[in-house]
> 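Submitted below is the structure of interest, expressed as structure tokens.
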Amino acid sequence: MALEKKYDFRQTEAGKYEKWKAKGYFRAGDTSKQRFSMVIPPANVTGKLHIGHSIDNTIQDITCRYKKAKGFDVLYLPGVDHAGIATQAKVDAKLNSEGTNRFEIGREAFLKECYAWKDSYSHIIHEQWAKMGIMVDYSRERFTLDEGCIKAVNKVFVDLYNEGLIYRGERIVNYDPVMKTALSNIEIIYKEDEGEFFYFLYRFVDIDHEPLIIATTRPETMFGDVCVVVNPKDKRYKDVIGKKVINPANGEELPIIADDYVDISFGTGAMKCTPAHDPNDFIIGKKYGLEHPVIMNTDGTMTEKCGKYAGMDRMECRKLLVKQIEEDGNLEKIEHFKHQVGHSERSDAVVEPILSKQWFIKMKPLADRVLENQASAKDKVNFFPKRFEKVLKQWMSNCDDWCISRQLWWGHRIPVYYSKTTNDILVSAQKPTDMENWVQDEDVLDTWFSSALWPFETLGWPDETEDFKRYYPLDCMVTGYDIIFFWVARMVFQGLHFTDKAPFKDVIIHGIVRDSQGRKMSKSLGNGVDPIDVINEYGVDSLRYFLATTASPGQDMRFSEEKVKAANNYLNKIRNSARFILMNIPEDYKNLEAKDVDKKKLSLVDKYILTKLENVIKRITKAMDSYEYGIASNLLYNFVYDDYCSFYLEMSKVTLKDENSYKEGTYFTLLYTLKAVLMMIYPFSPFISEEIYLNLPVHKDSIMLESYPELDKSLVFKSSIKKVEALKAAIEAIRQYKVNNSLAPNEALDISLKANFDFKPLSKYLSRYSFAKSLTLVKEDKEGTSSIVLPELTLFIEDSVNKDELKAKLTKDLEKIESELKRSESMLSNERFLSKAPKQKVDLEKEKFEMYKAQFEEIKKKLENL
RNA sequence: GGAUGUUUAGCUCAGUUGGGAGAGCAUCGCCUUUACACGGCGGAGGUCAUAGGUUCAAGCCCUGUAACAUCCACCA
């Protein structure tokens, strides 16, 4: 299909993805090539993909397409995540809206609902991957709850248990009373909430003493208080240590003990201690062998220990309890203040620290291994940008044990069995054969437990499969900085522990996409940008280009419709350059390789653009190799606009129009340059690239089979640069002259030109682009004309410009040159510059100096002659 | 309290080994010249937050300061 005048991205995109997929171009497995492997961060089956996924997938796909074009056997493995708590929250909500809940329908029916949910959303996710154009190998797609992943998860659990790295313990954990499950520390989001600080009177037992005043933000936990703690150095309370006070909530007696944990300056300096509902209190409780009564249920209601408040919700209890204490005359005051309150990441409920029995991973030895590994040069994980390694290290050097059990149903069931008759525990990947005598642990594992194994479980581990042997460890991982400790850190320690290798060599970290005002996109603000809307409006090529090039690595970006539009215009520009070239090249011309062209047929401007091209290929390749897509795209953008379109394509019209011996060289140069540009824009915007590619006179079945351009030394002609730059400067100077003198751009002028090289081969270009009436090459200055002095040449324009104006213009030019000359001169007269700067720089400066000097003399002479 | 990032044109942002400041949008003037008006040509607009330091040379390296942002840890 020929290229139509109008760029219609819908038509451009249509059918291409399906073709690539059907022809197997996404498949890895060519073992004759060097491998490059990557896995997609498994998409949560909770809902549609948002723009955060788009940037993730775009960077991954650019990397993969680039590597494939560079000749690698690329594996880009897709998959989805069951996303335990997140999905369960959605399914719970769905059941609620239907007037039922999971407990009513039971575990089996609930899981069925979950699978149905997963199926429908993984379908949507597939559609979105296709829309984004990512080259994932569908033949290797995985799901965190598929058979292989279950096998891996069970093995890891059992092994860690046997090594003593997984244990079951009774500890304070953060409980989500809505989802009714324990959470790990990093699933808590601290938010500033309006809070109340209640000051209560604790009256003394037996002795006559002013009551103690103790403040709390959570009065309901007073039912679980076991003592009052003061600092032993606190003079105010020196005399009351060992005495007893009355708990105003329930009238129980509380001993006063001393521990230097208490901050003298905070509050009243006296603290109530609730070992079962506060992690710090728990530590104190343990230290002094105190009781730890649990006064709150996991659903946020009060236990029977709370007397008449039993069964009541914690917030309701708080309200009524405060009222009761006030009535008893034990309320001193209430202060309002802002404080940080932990919320559940998923349900947004205020989390409650509750003592309960959970499964944990002992982090210290695993984390130490990560730190050790990062310290060694050999197998360390390289972060791009580097600074993010610090986030990993920081987290690894002070992380608590990881609570991995969740009181949910959707997920990997913990492979632990309790005997019905004895106290035996069986930790095993396989169900016991006499299952009737056992009860399996009710809980499931934290979603991140399986995600942590993603780089190797997807390749067949724990089996020594061909894929595992060939593609592990991965070459690269792409993800956002917000997920480094949720995911990256855990993959690294599990990888090191179970495969003895870091799971990937490089990690590319990107920022998040914010809204146009710089705010984080969120459901509550309703400011999210749906990538599908953007694609429908501007096309996926433009969206990808925008996402990959707008911010520098690791930096957040603002979504900007103007920039997506600008990307669209850019792609249209490339497309039209192709249209122009294909229009002008004879149908039977098929030379696209450097070896195909007779170098003698290349004109100076052909040589110039080829030399520029080879230079830009070199620089872009270097940027691509270090995942610097912003820099790479910027280099290409400048080349496309300034060198390729604005200059070369315009110049080529001269040789294309007339019969001349350079015509063939121009055909070659046009096609060669176009193809190189295409290949360099292709990883960013594959659809439009494919469309243009398939219109080239010589092409393979798809651009996906084509190679990235390589630097071809036989097409580098350094001597062309200076001469053609002079031509360029001359054209620009004449254009400028016309604008400055209010002449129409196509005003025909008589121009003479004096150059210090043979300008003849270039004169036809200058004639055309200056709309010259005549262009005469001269050896001497032309008197009585306007003169423009440029490096390497001087222009004389016959025009009715008066002497005064010319004089003013030349004086201005002279001043400018003079200041440059001075700058250059001072540098060159600086001994230390001459002795310390690299020779290259010194030579360059000397050259500049000579050039300025020549120009200076030329202008000065002209002024004198006037 | 600890850590990181940002501060460059009116706005949003690039600027990688330190060697004459760039883009998009906006703005002003000119042009429908047969690739592109989703365009072309030309222009205006920046003591690169601030104070020092290193260097022949600093937007870039080092130190301090300020403002903003983010993450971690947080006192009942």
Side-chain angles (χ1 to χ4, degrees), chain A residues 3 5-7 185-186 190 197 214-218 221 229 261-263 265-274 278 280-281 339-340 385 387-388 390-391 394-395 398-399 481-482 484-485 511-512 516 518 520 538 542 546 549-552 554-563 565-584 622-623 626 628 630-631 633-634 637-638 641 645-646 649-650 653 731-732 735-740 742-746 768-769 771 820 823-824 826-827 830-838 840-842 844-845 848:
Chain A
L3 293 172
K5 179 168 173 177
K6 203 155 169 56
Y7 168 36
N185 293 349
I186 54 176
Y190 287 91
F197 213 15
I214 297 177
T216 179
T217 52
R218 296 189 296 152
T221 63
V229 195
Y261 166 78
V262 177
D263 181 351
S265 61
F266 187 83
T268 63
M271 179 188 97
K272 68 186 206 62
C273 179
T274 325
D278 183 282
N280 293 311
D281 293 7
H339 66 149
Q340 299 284 85
R387 68 184 133 94
F388 288 106
K390 237 181 165 172
V391 180
Q394 203 180 344
W395 197 66
N398 50 23
C399 55
Y481 62 70
D482 50 336
I484 292 174
F485 37 73
I512 60 172
S516 57
K520 226 170 162 168
Y538 298 103
S542 300
F546 163 77
T549 63
T550 301
S552 47
Q555 214 61 46
D556 289 353
M557 72 170 81
R558 293 188 192 200
F559 182 79
S560 154
E561 203 166 323
E562 290 85 43
K563 282 195 182 174
K565 214 169 159 182
N568 200 294
N569 293 349
Y570 171 45
L571 296 174
N572 180 53
K573 183 84 178 169
I574 292 177
R575 192 173 171 287
N576 269 290
S577 74
R579 218 166 68 85
F580 166 76
I581 290 168
L582 297 172
M583 254 172 179
N584 281 287
K622 192 182 160 206
S626 46
E628 288 284 1
I631 289 175
S633 67
N634 205 261
Y637 184 92
N638 290 332
Y641 270 93
C645 288
S646 293
L649 254 47
E650 292 305 321
K653 288 174 186 171
I731 293 171
E732 279 161 17
R735 283 173 176 163
Q736 217 172 63
Y737 174 87
K738 287 180 178 173
V739 170
N740 291 344
S742 307
L743 299 172
N746 59 355
R768 173 161 171 163
Y769 285 97
F771 294 91
E820 293 295 338
R823 187 193 57 78
S824 191
S826 76
M827 271 178 91
N830 184 336
E831 280 298 323
R832 293 202 280 187
F833 173 70
L834 294 176
S835 61
K836 293 196 172 176
Q840 222 184 340
K841 296 284 175 195
V842 177
L844 196 75
E845 200 54 46
K848 278 183 186 173

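The structure displayed is predicted, hence computed values, not measured ones. Chain A is the first sequence line, chain B the second, and so forth, proteins listed ahead of strands; every chain is numbered from 1. Keep in mind that the numbers below use all heavy atoms, side chains included, and drop hydrogens, waters and symmetry copies.
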> Nearest nucleotide by nearest heavy atom, which residue falls closer to the 5' end of RNA chain B, A/Arg387 or A/Asn634?
A/Arg387
> Tell me whether the side-chain N/O atoms of A/Lys573 come closer than 4.0 Å to OP1 or OP2 in B/G39.
no
> Should A/Asn569 be listed as having a side-chain N or O under 4.0 Å from OP1 or OP2 of B/G39?
yes
> Excluding sequence neighbours, so at least two apart, what forms salt bridge (Lys or Arg N to Asp or Glu O under 4.0 Å) with A/Arg823?
A/Glu820, A/Glu845
> Over all strands shown, is A/Phe485 touching base, sugar-phosphate only, or nothing at heavy-atom distances under 4.0 angstrom?
sugar-phosphate
> Both atom distances under 3.5 Å, Watson-Crick or G-U wobble: I'd like the secondary structure of RNA chain B as a dot-bracket string, with | for pairs made across strands.
(((((((..((((.....[..)))).(((((.......))))).....(((((..]....))))))))))))....
> So, is A/Lys653 close to the B/A35 phosphate, meaning a side-chain N or O under 4.0 Å from OP1 or OP2?
yes
> My understanding is that only residues two or more places apart in sequence, or in another chain, count here; which of them pass side chain to side chain contact (heavy atoms under 4.5 Å, CB included) with A/Ala215?
A/Phe197, A/Tyr199
> Output yes when at least one side-chain N/O atom of A/Ser577 is less than 4.0 Å from OP1 or OP2 of B/A35, else no.
no
> Would you mind building the protein contact string for nucleotides 54-60 of chain B? One character per nucleotide, 5' to 3', B for base within reach (heavy atoms under 4.0 Å), S for sugar-phosphate only, - for untouched.
--B----
> Within this structure, what is the CG-CD1 distance for the pair A/Leu649 and A/Ile581, rounded to the nearest 0.5 Å?
5.0 Å
> Test of understanding: with side chain to side chain contact (heavy atoms under 4.5 Å, CB included), list the residues that count as partners of A/Phe485, not counting sequence neighbours.
A/Ile186, A/Val391, A/Trp395
> What is the nucleic acid contact for A/Thr550, judged by heavy atoms within less than 4.0 Å: base, sugar-phosphate only, or nothing?
sugar-phosphate
> In the structure I gave you, are the side-chain heavy atoms of A/Tyr481 and A/Ile512 within less than 4.5 Å of one another anywhere?
yes
> Does a side-chain N or O from A/Tyr637 land closer than 4.0 Å to OP1 or OP2 of B/A14, or not?
no
> Reckon A/Glu831 touches a base, only the sugar-phosphate, or nothing at all at heavy-atom distances under 4.0 Å?
nothing
> Please determine whether a side-chain nitrogen or oxygen atom of A/Ser552 lies at a distance below 4.0 Å from atom OP1 or OP2 of B/G15.
yes
> Could you check A/Lys520 against A/Lys5 and say which one's nearest nucleotide on RNA chain B is further toward the 5' end?
A/Lys5
> Would you classify A/Thr549 as touching base, sugar-phosphate or nothing, given that sugar-phosphate means primed atoms plus P, OP1 and OP2, and contacts are heavy atoms under 4.0 Å?
nothing
> Less than 4.0 angstrom between a side-chain N/O of A/Gln736 and OP1 or OP2 of B/G43, yes or no?
yes
> May I ask you to evaluate whether A/Asn280 reaches the phosphate of B/C75, defined as a side-chain N or O under 4.0 Å from OP1 or OP2?
yes
> For a quick test of reading the model: is some side-chain N or O of A/Lys272 closer than 4.0 Å to OP1 or OP2 of B/A76?
no
> Do other residues, nucleotides or ligands put more than 12 heavy atoms under 6.0 Å from A/Lys653 NZ?
yes
> Restricting to ring pair (Phe, Tyr, Trp, His ring centres under 6.0 Å), what partner residues turn up for A/Tyr769, sequence neighbours left out?
none
